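Have a look at the structure below before the remarks.
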Number of protein chains: 2
Amino acid sequence: MSENVVQRLRDEIENGIISNDFAPGARLDEVQLATRFGVSRTPVREALMQLNAIGLVEIRPRRGAVVIDPGPHRIFEMFEVMAELEGLAGSLAARRFTDTDRTAILVAHADCERSSSAGNSDAYYYDNERFHKAIYAASHSGFLAEQCVALHRRLQPYRRLQLRVRNRVATSFAEHGAIVEAILAGEAEQARTLLRQHVSIQGERFSDLVATLASR
Amino acid sequence: MSENVVQRLRDEIENGIISNDFAPGARLDEVQLATRFGVSRTPVREALMQLNAIGLVEIRPRRGAVVIDPGPHRIFEMFEVMAELEGLAGSLAARRFTDTDRTAILVAHADCERSSSAGNSDAYYYDNERFHKAIYAASHSGFLAEQCVALHRRLQPYRRLQLRVRNRVATSFAEHGAIVEAILAGEAEQARTLLRQHVSIQGERFSDLVATLASR
DNA sequence: GTCAACGTTCTTGCATACAAGATTTATCAT
DNA sequence: ATGATAAATCTTGTATGCAAGAACGTTGAC
């Protein structure tokens with residue numbers, strides 16, 4: 001028992017939800033999870049309570065825990081908020097970035113370029129994440145960074161779909177270029193607008209995707 | 001046992017933290033809370049886990065739970081984010097409000113006027129809250145509204161201090177007037193800017209307060 | 001054959017038990 | 001008297017137990 005069982009369970013189950021191992025609507029049986037992870041029900045319940053507080057699972061009294069299904073509309077709302085927070089992070093970054101922030105952003109951007117031109121959308125996914133995290137860090141607002149990371153994580157499955165869409169990687173990388181320019185030039189409002197759009201587009205793409213899937 | 005013990009505990013402890021009954025840094029002893037609420041440790045722990053997930057308490061392994069003390073700087077960061085979210089809510093409200101939204105906003109605004117001109121800052125505090133919630137509702141974004149309510153709640157203790165500051169109630173009400181005008185006129189960007197400023201000012205006032213307190 | 005009422009079984013909610021790490025206290029040496 | 005060390009105590013982390021509610025199946029009536 002090296003660390004903390006509950007925290008480990010929380011992460012495992014959360015990852016399971018994010019990675020769609022536990023699909024939305026799926027029932028999370030306490031004893032099943034307990035035996036699966038080789039622990040008793042108590043830490044499992046405590047982990048589920050945490051996920052409930054975060055909004056990842058719903059606990060219906062006496063009827064067990066299920067993975068929350070946000071539904072397309074709510075996911076779009078989440079992208080909307082994400083866009084705003086990223087915009088704020090960008091504008092703060094433009095005003096506050098340090099030398100280390102700049103190099104971190106440039107390195108991440110260069111990595112994005114590599115995976116983008118290689119057409120490796122999986123690699124791009126990770127490099128893109130590091131790029132955005134570099135901007136959060138450059139905002140020098142710990143609270144904002146935490147909020148952004150949490151939302152980013154929750155939107156991960158829906159964002160991931162998009163990179164498969166035609167040309168999305170190339171377009172995304174092009175947008176990154178303009179964002180880097182604005183931030184490093186200290187143009188806060190421009191950085192805000194560009195980042196907001198960069199994220200908003202993903203919400204719209206997601207809606208498009210839902211619409212096309214629904215019409216079949 | 002009418003409802004759900006854990007949920008009740010969560011609310012009670014959360015309220016205790018918000019209302020400063022449990023001060024930042026205070027240790028939350030499991031058996032103490034359990035006996036106080038007449039339950040066993042298990043539901044107490046589950047409630048603490050939830051508060052930990054929300055970020056209200058910190059659980060140090062094997063060393064118990066303590067109320068998190070955000071510290072002045074982080075509180076300022078929280079106001080910064082709050083300003084952005086309220087701005088978004090305002091801009092969406094300006095574009096999406098319905099007739100019922102309009103009346104709700106106008107009623108809340110009228111109530112604010114009454115308590116403001118009566119010089120009753122406690123009453124104003126509650127009316128102000130209803131005013132802002134009316135705007136969240138008018139944004140027609142459930143997710144955004146939830147985020148705003150949660151942050152609003154966490155900032156409650158620090159916001160409350162400010163209404164005691166010279167002229168703050170009157171100034172706040174004046175700002176509300178302009179905000180209502182912008183929203184009902186459908187001027188989304190204007191509403192965003194005004195609301196952002198309206199909230200930002202509170203963060204700045206908070207910093208002023210901290211500065212003056214520190215210099216004594 | 002279908003539907004409903006009843007009883008069985010399963011699952012959750014909370015309490016209690018027990019082990020292991022942290023903290024405090026007491027004792028002893030310097 | 002002070003500091004360190006060891007023992008006692010307290011607290012947390014996890015497992016287990018038990019009661020009550022929900023899901024499920026069975027049996028019986030029509």
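Everything numeric here is computed off the predicted structure, so don't read it as measured data. Per chain, numbering begins at 1; letters A, B, ... match sequence-line order.
- Per the geometry, CD belonging to A:Q32 stands 14 Å off P belonging to C:dC10, to the nearest Å.
- When each of A:V39 and B:D29 is assigned the nucleotide of DNA chain D bearing its nearest heavy atom, the one mapping closer to the 5' terminus is B:D29.
- By the neighbour-count criterion of 12 heavy atoms within 6.0 Å, atom CZ of A:R166 is sparsely surrounded, having that number or fewer from other residues, nucleotides or ligands.
- Non-hydrogen atoms lying under 4.0 Å from DNA chain C are contributed by nothing in residues 46-55 of chain B.
- Of the candidates C:dC14, D:dT11, D:dA15, the closest approach to any side-chain atom of B:R27 belongs to D:dT11.
- Distances were taken from every side-chain heavy atom of A:R63 (C-beta onward) to each of D:dA22, D:dT11, D:dT14; the shortest belongs to D:dA22.
- Once rounded to the nearest 0.5 Å, the distance linking CE of A:M82 with CZ of B:F143 reads 9.5 Å.
- Between A:R196 and A:E86 no salt bridge is recorded (no basic side-chain N to carboxylate O distance below 4.0 Å).
- Looking at the side chain of B:V5, the nearest of the listed nucleotides C:dC14, D:dT14, C:dT12 is C:dC14.
- Here C:dC14 is the nucleotide among D:dT11, C:dC14, D:dT14 with the atom lying nearest to any side-chain atom of B:N4.
- Considering only the side chain of A:R41, C:dG13 comes nearest among C:dG13, D:dG13, C:dT11.
- Rounded to a whole Å, the CD atom of A:Q7 is 15 Å from the C1' atom of D:dT14.
- Counting non-hydrogen atoms under 4.0 angstrom, B:R62 reaches a base of the nucleic acid.
- For A:R60 and D:dA23, the CZ to C1' distance is 12 Å, given to the nearest whole Å.
- Ring-centre distance between A:H132 and A:H176: below the 6.0 Å cut-off.
- If you take CZ of B:R8 and C1' of C:dG13, they are 14 Å apart, rounded to a whole angstrom.
- When each of C:dT23, D:dA15, C:dA15 is scored by its nearest atom to the side-chain atoms of A:T42, the top-ranked nucleotide is D:dA15.
- A salt bridge does not link A:R8 to A:D11: none of the charged nitrogens lies less than 4.0 Å from a carboxylate oxygen.
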Test log, rule ring pair (Phe, Tyr, Trp, His ring centres under 6.0 Å), inputs B:F173 and B:H109 = CA-CA 8 Å; B:F173 176 70; B:H109 186 52; 4.9 Å; yes
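- If you measure from atom CZ of B:R45 to atom P of C:dA15, you get 14 Å, rounded to the nearest angstrom.
- One atom, CD of B:E30, and another, P of C:dA15, lie 13 Å apart when rounded to the nearest Å.
- Distance A:L33 CG to D:dT14 P: 16 Å, rounded to the nearest Å.
- The pair A:E12-A:R36 does not count as a salt bridge, with every side-chain nitrogen at least 4.0 angstrom from each carboxylate oxygen.
- Atom-to-atom, CD1 of B:I59 to C1' of C:dA22 comes out at 16 Å; the value is rounded to the nearest Å.
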